[in-house]
Amino acid sequence: MALVEVRGLRKTFGPVVAVADVSFAIEAGRCTVLLGPNGAGKSTVLNMLAGLLAPTSGAIRFEGVPAGADHRHLIGYLPQQVAPFGWMTGFEYVRMAGELAGLDRGAAGVRAEELLALLGLEKAAGRRTGGYSGGMKQRLGLCQALVHRPRLLMLDEPVSGLDPVGRRDVLELLRRLKTGSTILFSTHVLPDAEELSDDVLIIRSGSIVVDESLASLRARHEQPVIEVELDDEAGLPAWLERLATTGAAVERNGAVIRCRFASAAATHAGAAEVYRLAADHPGGVRRVELGQASLEDMFLKAVQP
Ligand SMILES: Nc1ncnc2c1ncn2[C@@H]1O[C@H](COP(=O)(O)OP(=O)(O)OP(=O)(O)O)[C@@H](O)[C@H]1O
Ligand SMILES: [Mg+2]
């Protein structure tokens with residue numbers, strides 16, 4: 001079986017259906033991203049997997065764990081809001097997390113030191129976490145999630161609240177962790193999702209609407225785009241008419257003109273014509289670029305009702 005199998009998971013809060021009916025599997029060694037608009041149910045799904053929230057119905061099965069038995073020690077979880085006990089030091093907090101996960105005090109301490117250093121918190125390790133900034137709490141949360149070398153690492157928006165340097169550090173860490181671990185993370189940052197994930201789950205209003213590998217999503221939605229950025233709009237209307245004769249669907253967004261063709265082959269044939277027309281534009285062009293539809297384009301299609 002897969003490392004984790006989720007079947008018919010549902011969670012209601014009184015009249016609110018947070019998660020309607022969610023099923024998916026996570027294969028060992030893969031990195032899966034959970035995407036979805038605000039309020040779609042991502043955190044609720046992760047909280048149920050982590051054992052912090054009891055499902056209203058449905059089942060979560062972990063490989064090698066009998067049905068109904070506790071699997072929490074196999075999971076490391078960075079929740080969306082990290083709230084460590086403010087009176088504990090960073091070191092004490094991570095060591096305690098290790099002990100709760102079954103490590104003895106000595107091993108938990110060694111591992112805590114190692115992780116605090118890895119995440120750039122060695123100087124703050126002896127300080128009370130009540131005085132940590134949001135970004136520091138986020139890194140502390142990552143140490144806590146990794147302390148017992150979990151089989152599944154789950155991260156709910158791991159880069160939210162981090163400054164650009166912190167964000168780059170965390171992404172770099174995840175890139176390194178990807179080899180040899182199984183990761184499930186949620187994010188709103190689609191370029192990060194595209195860079196890190198092997199598999200994509202998109203949840204909308206509590207139901208999964210996309211469950212596919214990134215490679216196959218890309219292959220299905222692959223649509224080359226030629227972007228022309230204009231220097232000046234002189235003579236634009238007549239020029240746009242000529243552009244339309246290339247067979248491209250033409251979209252304009254300010255000075256940027258996007259030309260989409262129906263297929264890669266059509267783009268190949270049309271590109272030369274677009275480049276020729278670009279050279280001919282009376283107002284001049286700043287940039288002509290051949291690109292691909294991004295995960296963002298696919299995401300917007302998937303979450304629109
Ligand atoms: N404890 C709760 N009580 C009542 N409603 C809740 C509770 N937790 C979540 N919900 C509702 O369930 C739905 C899903 O919430 P959830 O936090 O899982 O969304 P999310 O996808 O993580 O959103 P975000 O991207 O904003 O983090 C929302 O409508 C939310 O208001
Ligand atoms: Mg959330």
Side-chain angles (χ1 to χ4, degrees), residues 4-26 31-60 71-72 75-84 133-142 144-146 150 152-163 166-167 170-171 174 182-197 199-212 214 217 294-305:
V4 184
E5 282 180 10
V6 172
R7 288 278 156 266
L9 205 57
R10 181 177 176 84
K11 180 71 188 177
T12 55
F13 295 100
V16 177
V17 181
V19 170
D21 177 8
V22 161
S23 301
F24 60 87
I26 293 176
C31 180
T32 305
V33 67
L34 180 59
L35 300 173
N38 287 132
K42 301 178 297 296
S43 296
T44 308
V45 166
L46 295 176
N47 284 334
M48 287 192 281
L49 277 168
L52 298 177
L53 208 55
T56 304
S57 54
I60 299 166
H71 64 253
R72 281 177 297 186
I75 289 182
Y77 183 37
L78 172 72
Q80 191 164 3
Q81 308 286 347
V82 180
S133 71
M136 290 164 80
K137 284 185 186 152
Q138 191 82 348
R139 289 171 211 214
L140 188 71
L142 267 168
Q144 163 275 131
L146 289 165
L152 173 66
L153 178 63
M154 294 201 307
L155 313 163
D156 198 357
E157 299 191 26
V159 298
S160 71
L162 295 180
D163 63 23
R167 177 166 166 249
V170 168
L171 287 177
L174 291 183
T182 310
I183 302 176
L184 171 63
F185 77 109
S186 79
T187 186
H188 289 293
V189 188
L190 298 176
D192 292 355
E194 211 161 357
E195 189 177 329
L196 288 171
S197 64
D199 296 314
V200 179
L201 292 169
I202 301 181
I203 184 167
R204 185 179 82 200
S205 308
S207 300
I208 301 282
V209 290
V210 171
D211 178 354
E212 202 169 340
L214 181 64
L217 253 182
S294 64
L295 186 61
E296 186 156 354
D297 300 322
M298 302 172 213
F299 175 79
L300 290 173
K301 271 190 210 157
V303 299
Q304 264 153 17

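Atoms within a ligand are numbered from 1 in the order they appear, just like the ligands themselves.
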Note to self: Nearest 0.5 angstrom please: L155 CG to L78 CG, how far?
What the structure shows: 5.5 Å
Note to self: Would you compute the distance between atom CG of N47 and atom CE of M154 and round it to the nearest 0.5 angstrom?
What the structure shows: 7.5 Å
Check: Short N/O distance, under 3.5 Å, between V16 and ligand 1?
Finding: no
Margin query: Considering both backbone and side-chain atoms of G41, is one of its nitrogen or oxygen atoms within less than 3.5 Å of a nitrogen or oxygen in ligand 1?
Written below: yes
Can you name the closest pair of heavy atoms from [X] and [Y] and give their distance?
X: P150; Y: G76; result: CB-N, 3.2 Å
X: V200; Y: S197; result: CG2-OG, 4.1 Å
X: E157; Y: Q138; result: O-NE2, 3.1 Å
X: A59; Y: L9; result: N-CD1, 4.4 Å
X: F24; Y: D211; result: CB-OD2, 3.9 Å

Compare all side-chain heavy atoms of [X] with those of [Y] and state whether any distance is below 4.5 angstrom.
X: L184; Y: L153; value: no
X: R167; Y: L171; value: yes
X: V22; Y: K11; value: no

In terms of atom number and element, which parts of ligand 1 are under 4.0 angstrom from non-hydrogen atoms of [X]?
X: N38; answer: 23 (O), 24 (P), 25 (O), 26 (O)
X: S43; answer: 17 (O), 18 (O), 20 (P), 22 (O), 27 (O)
X: Q80; answer: 27 (O)
X: E157; answer: 25 (O), 27 (O)

Note to self: Can a side-chain donor-acceptor contact be found between D156 and S186 if the only test is distance below 3.5 angstrom?
What the structure shows: yes
To check your reading of the model: name the closest protein heavy atom to [atom], its residue, and the distance in Å.
atom: atom 25 (O) of ligand 1; value: K42 NZ, 2.7 Å
atom: atom 8 (N) of ligand 1; value: F13 CE1, 3.4 Å
atom: atom 15 (O) of ligand 1; value: T44 OG1, 3.7 Å

Margin query: With the threshold set at under 4.0 angstrom, would you say H188 reaches ligand 1 through any of its heavy atoms?
Written below: yes
Item checked: Cut-off under 2.8 Å, centre the Mg ion (ligand 2), protein N/O/S atoms -> S43 OG, Q80 OE1
Notebook entry, point to check: Considering only heavy atoms, which of A18, G14, G39 lies nearest to atom 29 (O) of ligand 1?
Noted result: G39
